[in-house]
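These values consider heavy atoms only, across backbone and side chains, with no hydrogens, waters or symmetry-generated copies.
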Amino acid sequence: MQAIIALGANLGDPCATLQQAVNEIQALDNVQVTAVSSLYRTKPVGYADQDDFINAVITVDTTLPPLELYHHLAALEQKHHRVRLFKNGPRTLDLDVIACEQLQSNDPTLTLPHPRAQERAFVLVPLAEIAPDFVFPDSGLSVAAALDRISEADKADIVKLSSPALQ
């Protein structure tokens, strides 16, 4: 199954952390990274009194069930000392399963597709770079159509970094 994963960080060295996280995801059993977006500098959402984030999106092929993939990603966040002091706060690493093909789930641990992905430019802009034809199963919107619904101000806050895509 193909899964879409969003990566973000704003503490420490976020660019290096995201590179390391991609490598660690690639090293997971039964997971193969298939595409990696460029890195993007983004304004924080929710709690604004913090540093900008660095964000990216990857696609993976996996034989893992979505919940098992989620648990592996949560373990990687813990390895990077992720602490959840409050909602939308600073973080060393944030890994979110955005979608797993056309699966829909309202599981309390893992909602698929991610319930706010279609509202967030920091997910949609990098996703449009690597999977522009993906269609969200709950809304039927393509990535481009979802991105068209994002305000120009929110899109303007997304800055593609000059560094190349993660390897």
Side-chain angles (χ1 to χ4, degrees), residues 1-42 44-45 50-85 87-105 107-118 120-137 143 158-167:
M1 131 176 12
Q2 186 176 69
I4 298 168
I5 301 168
L7 302 88
N10 74 337
L11 295 175
D13 182 346
C15 294
T17 299
L18 295 188
Q19 176 65 63
Q20 186 175 0
V22 170
N23 293 339
E24 291 167 346
I25 292 167
Q26 175 65 36
L28 293 172
D29 289 339
N30 302 308
V31 176
Q32 176 68 43
V33 175
T34 55
V36 183
S37 76
S38 298
L39 297 174
Y40 292 83
R41 178 174 288 112
T42 67
V45 172
Q50 61 182 318
D51 291 341
D52 287 350
F53 279 81
I54 303 300
N55 291 95
V57 172
I58 65 172
T59 58
V60 301
D61 282 336
T62 183
T63 57
L64 298 175
L67 198 53
E68 189 174 338
L69 176 62
Y70 166 84
H71 286 300
H72 282 290
L73 298 177
L76 289 177
E77 288 179 339
Q78 291 305 305
K79 179 179 175 185
H80 287 269
H81 310 290
R82 168 79 188 262
V83 177
R84 297 172 193 266
L85 297 175
K87 186 175 180 171
N88 296 321
R91 59 207 79 162
T92 55
L93 180 62
D94 187 21
L95 301 172
D96 287 317
V97 179
I98 300 301
C100 292
E101 295 185 349
Q102 294 297 297
L103 293 177
Q104 294 186 60
S105 167
D107 184 284
T109 303
L110 178 63
T111 303
L112 291 174
H114 189 287
R116 291 169 300 285
Q118 296 171 67
R120 293 183 167 167
F122 66 84
V123 171
L124 293 171
V125 170
L127 182 56
E129 181 183 327
I130 63 169
D133 298 328
F134 177 75
V135 174
F136 290 94
V143 173
I158 309 297
V159 178
K160 186 175 181 178
L161 299 180
S162 58
S163 61
L166 300 169
Q167 301 297 329

| request: Could you give me the CA-CA distance, side-chain angles and deciding distance for Met1 and Leu103, then say whether side chain to side chain contact (heavy atoms under 4.5 Å, CB included) is met? | output: CA-CA 10 Å; Met1 131 176 12; Leu103 293 177; 3.9 Å; yes
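- Inter-residue side-chain proximity for Glu77 and Asp94 is flagged as met; some heavy-atom pair is nearer than 4.5 Å.
- Of all heavy-atom pairs spanning Ala6 and Val123, the tightest one is CB-CG2, 4.3 Å.
- Considering every non-hydrogen atom in both Gly12 and Pro14, the closest pair reads O-CD, 3.1 Å.
- Separating the CG atom in Leu11 from the NE2 atom in His80 is a distance of 13.0 Å, to the nearest 0.5 Å.
- A side chain to side chain contact (heavy atoms under 4.5 Å, CB included) with Val36 is found for one member of Ile130, Leu18, Val22 and no other, namely Val22.
- Side chain of Thr62 to backbone of Asn30: a donor-acceptor contact under 3.5 angstrom is found.
- Looking only at distances, a side-chain donor or acceptor of Ser37 sits under 3.5 Å from a matching main-chain atom of Val57.
- A distance-only check finds no donor-acceptor pair linking the side chain of Gln118 to the backbone of Phe136 [under 3.5 Å].
- Going from atom NZ of Lys79 over to atom CG of Leu93 covers 10.5 Å, rounded to the nearest 0.5 Å.
- Once rounded to the nearest 0.5 Å, the distance linking CG of Leu39 with CG of Leu7 reads 9.5 Å.
- Val125 and Tyr40 make their closest contact through CG1-CE2, 3.6 Å (heavy atoms, listed as atom of the first residue, atom of the second, distance).
- Atom NE2 of His72 sits about 6.0 Å away from atom CG of Leu28, to the nearest 0.5 Å.
- Using a 4.5 Å heavy-atom threshold, the side chains of Val97 and Pro66 count as separate.
- Between Leu112 and Ile98, the closest heavy-atom pair is CD2-O, 4.2 Å.
- In this structure, Glu129 contributes its side chain and Ala56 its backbone to no donor-acceptor pair below 3.5 Å.
- At most 12 heavy atoms of other shown residues, nucleotides or ligands fall within 6.0 angstrom of atom CG in Asp29.
- Scanning all heavy atoms of the two residues, the minimum distance from Pro137 to Gln104 falls at O-NE2, 3.3 Å.
- For the pair Tyr70/Leu67, a side-chain contact is recorded, criterion being any heavy-atom separation below 4.5 Å from C-beta on.
- Pairs engaging residues 3-14 under the salt bridge (Lys or Arg N to Asp or Glu O under 4.0 Å) rule: none recorded [sequence neighbours left out].
- Across all non-hydrogen atoms, the minimal contact from Ala21 to Leu95 is CB-CD2, 4.5 Å.
- Ile54 contributes atom CD1, which lies 10.5 Å from atom OG1 of Thr17 (distance to the nearest 0.5 angstrom).
- Gln2 places no side-chain N or O within 3.5 Å of a backbone atom of Glu101 that could act as its donor or acceptor partner.
- For the atom pair Leu76 CG and Asn23 CG, the distance stands at 11.0 Å (nearest 0.5 Å).
- Under the rule for a side chain to side chain donor-acceptor pair (under 3.5 Å), the partners of Thr59 that lie at least two apart in sequence or sit in another chain are Thr34.
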